[in-house]
Amino acid sequence: MIQGTGSDVGKSLLVAGLARAFTERGLRVRPFKPQNMSNNAAVTPGGGEIGRAQALQARAARVPPSVHMNPVLLKPQSEIGSQVVVQGRMVATVKARDYQAWKPRLMHAVLDSFSRLTDEADLVLVEGAGSASEVNLRAGDIANMGFARATDTPVVLVGDIDRGGVIASLVGTKAVIDPEDAAMIAGFIVNRFRGDPSLFADGMRLIAERTGWAPLGLVPHFPEAARLPAEDVLGLAGSGPRPAGTVTVAVPVLPRIANFDDLDPLRAEPGVSVVLVRPGTPIPAEAALVLLPGSKTTIDDLDVFRAEGWDIDLRAHVRRGGRVLGLCGGFQMLGRSLADPHGIEGAPRTVPGLGLLDVETVMTPDKRLAAATGTSLPDAVPFTGYEMHIGATHGPDAARPLLRLADGRVDGAVSADGLVAGTYVHGLFAHDAQRAAWLTRLGTVSEGAGYEAGVEAALDGLARHIAAHVDCDRLLALAR
């Protein structure tokens, strides 16, 4: 089990790299995360949802993703509450304080899923959540030491040297956790090192002496990790400075942004500059496309969109001839109205939309979770992706759908002038032909290598990187 001294120390990518490295050795590897918290989810072949990090880890292990790889997924809807997804299906919405009472009941599902994976694997790589040192949350824990102790799974603790204080974070974890929990930790890894590794040899030795844990690796920073989907919004970044002549895609960043890996293929394009529009800044006038991504709480995020004045910026963008694309929740925002009569996202209410598409959306309790393939209209360019949404959208602009799915259904809507479009399908830009078609509409060409091939190459490189800097033989010997 890979646990961390804190969030975003690199646990997810370490598990992905180890999964590919051990798979290359001929082992049947399965990733597992008892409890995840993320609005960046993936759809499994069976129609469930799991954290996207576990889907990436499954890909690294060259197996299809399964709901049992992430049996408990928390999808935040507010600062104090989340939807609870158990073995792929949403079962409740609970507040953080109430969730503490839920955790013991969820351990049954966690252990059931873990047992199913162990039955089909030579090696299960378990990822912890957050920090192992959150002793205030230890009672009833199912994500870190509670799981490790329940299953007698040895733990490797990861610290991130890039953020500073790695010696204190590792040694401090030993100081604050229960001695029986500390006894589960067999070794440690220091991640994201930059510079001459010999300069930290004394640091590794000091940590080992103070903790009694085996030093299993000092892992240098791996720049190619930027080509892989980020675990959560903390890892979301724009594409950085680009040369003159690049096309700007502006993305307003809302509090409950979801499935933001839709942006990754665009960020990888040399000719595209993805500008993340943070609160307090306007939508840039030079944008060729404004992309409204998915949202876990569409109506609340729409309120924030208006409070930021981005609705005014967006109308000005369209008047200048700029294009707009809404994905899932972003599509719903673009219509004339959004209704939540069942109170799925909060109190029942109906609010006006941005009015750039002549459609209306009604939130419905049923959630659609499915892979999607087909062609875009009217250009007949193929796409692949997935659906993950609640709600149904209808209206005159839906008579001009954006996509035709392989099962004959149509999806999305396009404005009469063709400048504004929306769809419920995520993952459009990951398909090379579909991404190239969009870039042609924006006046540029796709210059990047195949996106999916790039992800595979990055996973292979990550596996080689970790194998070179982590004692994988010793790590494998620790498993039981």
Side-chain angles (χ1 to χ4, degrees), residues 1-15 18 32-38 51 53 70 72-74 76 79-80 82 96-97 99-104 106-107 110 114 125-193 200 203-219 231-235 470 475 478:
M1 184 177 194
I2 306 296
Q3 294 188 27
T5 58
S7 296
D8 198 34
V9 299
K11 300 185 297 292
S12 295
L13 286 183
L14 281 171
V15 170
L18 289 168
F32 182 74
K33 185 161 186 171
Q35 173 190 293
N36 199 352
M37 177 178 282
S38 177
N70 176 206
V72 178
L73 174 62
L74 306 179
E79 294 301 318
I80 60 170
S82 298
R97 183 173 297 278
Y99 181 69
Q100 299 307 310
W102 270 69
K103 289 193 294 186
L106 295 173
M107 181 62 95
V110 166
F114 181 64
L125 295 168
V126 185
E127 180 186 343
S131 170
S133 62
E134 292 169 339
V135 293
N136 56 310
L137 302 177
R138 177 61 178 86
D141 172 63
I142 64 174
N144 289 308
M145 288 301 179
F147 172 83
R149 293 272 294 277
T151 57
D152 191 31
T153 300
V155 175
V156 173
L157 189 64
V158 178
D160 178 7
I161 197 170
D162 196 43
R163 64 177 60 190
V166 72
I167 294 175
S169 62
L170 286 162
V171 176
T173 298
K174 173 71 178 291
V176 300
I177 64 177
D178 183 271
E180 292 184 356
D181 286 349
M184 298 300 300
I185 301 177
F188 68 92
I189 293 172
V190 173
N191 197 23
R192 294 174 179 156
F193 184 80
F200 197 66
M204 296 292 284
R205 186 162 48 250
L206 187 152
I207 295 167
E209 291 172 353
R210 294 290 184 92
T211 62
W213 303 330
L216 297 176
L218 177 63
V219 181
E231 160 70 282
D232 56 37
V233 75
L234 292 173
V470 172
L475 195 64
L478 292 173

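We number each residue from 1, following the sequence as shown.
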(message) Per the ring-ring contact (aromatic ring centres under 6.0 Å, His included) rule, what does the pair list look like for residues 152-181, sequence neighbours excluded?
(response) none

(message) Please list all pairs meeting side chain to side chain donor-acceptor pair (under 3.5 Å) that have one or both residues in residues 166-176, counting only residues at least two apart or in different chains.
(response) none

(request) Decide side chain to side chain contact (heavy atoms under 4.5 Å, CB included) for Val190 and Met204; before the verdict, give the C-alpha distance in whole Å, the side-chain angles of both, and the deciding distance to 0.1 Å. (result) CA-CA 8 Å; Val190 173; Met204 296 292 284; 3.6 Å; yes

(message) Under the rule for side chain to side chain contact (heavy atoms under 4.5 Å, CB included), what residues qualify as partners of Ser131, not counting sequence neighbours?
(response) Ser133, Glu134

(message) Asp152: which residues meet the side-chain hydrogen bond (donor to acceptor under 3.5 Å, both in side chains) condition with it, sequence neighbours left out?
(response) Arg480

(message) With ring-ring contact (aromatic ring centres under 6.0 Å, His included) as the rule and sequence neighbours excluded, what pairs involving residues 157-186 come up?
(response) none

(message) Name the residue from Val9, Ile2, Thr5 that meets the side-chain contact (heavy atoms from CB on, under 4.5 Å) definition with Leu157.
(response) Thr5

(request) May I ask you to decide if Gly51's main-chain N or O and Asn70's side chain share a donor-acceptor pair within less than 3.5 Å? (result) yes

(message) Going by the rule side-chain hydrogen bond (donor to acceptor under 3.5 Å, both in side chains), which residues pair with Asp178 if we only count those two or more places apart in sequence or in a different chain?
(response) none

(request) Measure across Lys11 and Gly4 and return the closest heavy-atom pair with its distance rounded to 0.1 Å. (result) CD-N, 3.4 Å

(message) Could you walk me through whether Phe200 and Ile167 satisfy the side chain to side chain contact (heavy atoms under 4.5 Å, CB included) test, starting with their C-alpha distance in whole Å, then the side-chain angles of each, then the deciding distance to 0.1 Å, before giving a yes or no?
(response) CA-CA 10 Å; Phe200 197 66; Ile167 294 175; 4.0 Å; yes

(message) To the nearest 0.5 Å, what is the distance between CG on Asp8 and CG on Leu13?
(response) 9.0 Å

(request) Check side-chain hydrogen bond (donor to acceptor under 3.5 Å, both in side chains) between Asp160 and all other residues, then give those that pass, not counting sequence neighbours. (result) Arg163, Arg192

(message) Please report the interatomic distance CG(Asn191) to CD1(Ile161), rounded to the nearest 0.5 Å.
(response) 10.0 Å

(request) Sequence neighbours left out, what pairs pass ring-ring contact (aromatic ring centres under 6.0 Å, His included) with at least one residue falling in residues 134-167? (result) Phe32-Phe147, Phe114-Phe147

(request) Can you sort out the partners of Ala183 under side chain to side chain contact (heavy atoms under 4.5 Å, CB included), two or more places apart, ordered by chain and number? (result) none

(request) I would like to know whether Met184 and Met1 meet side chain to side chain contact (heavy atoms under 4.5 Å, CB included); could you show each step before the answer? (result) CA-CA 10 Å; Met184 298 300 300; Met1 184 177 194; over 6 Å; no

(message) If you compare all heavy atoms of Ala129 against all heavy atoms of Asn144, which two are closest, and at what distance to 0.1 Å?
(response) O-ND2, 2.7 Å

(request) Check whether any side-chain heavy atom of Leu216 sits under 4.5 Å from a side-chain heavy atom of Leu478, and report yes or no. (result) yes

(message) Once side chain to side chain contact (heavy atoms under 4.5 Å, CB included) is applied, do any residues pair with Ala168, and if so which ones, sequence neighbours excluded?
(response) none

(message) Could you report the tightest heavy-atom contact between Ile142 and Met107, atom names first, then the distance?
(response) CG2-CE, 3.8 Å

(message) Which heavy atom of Ala132 sits nearest to which heavy atom of Ile177, and what is that distance?
(response) O-CG2, 3.6 Å

(request) Not counting sequence neighbours, which residues clear side-chain hydrogen bond (donor to acceptor under 3.5 Å, both in side chains) with Thr211? List them please. (result) none

(message) So which atom in Leu170 and which in Trp213 form the shortest heavy-atom distance, rounded to 0.1 Å?
(response) O-CZ3, 3.7 Å

(message) If I compare all heavy atoms of Asp141 with all of Ala143, which pair ends up nearest, and what's the gap?
(response) OD1-N, 3.1 Å

(request) State which residues pass salt bridge (Lys or Arg N to Asp or Glu O under 4.0 Å) with Glu180; sequence neighbours excluded, sorted by chain then number. (result) Arg149

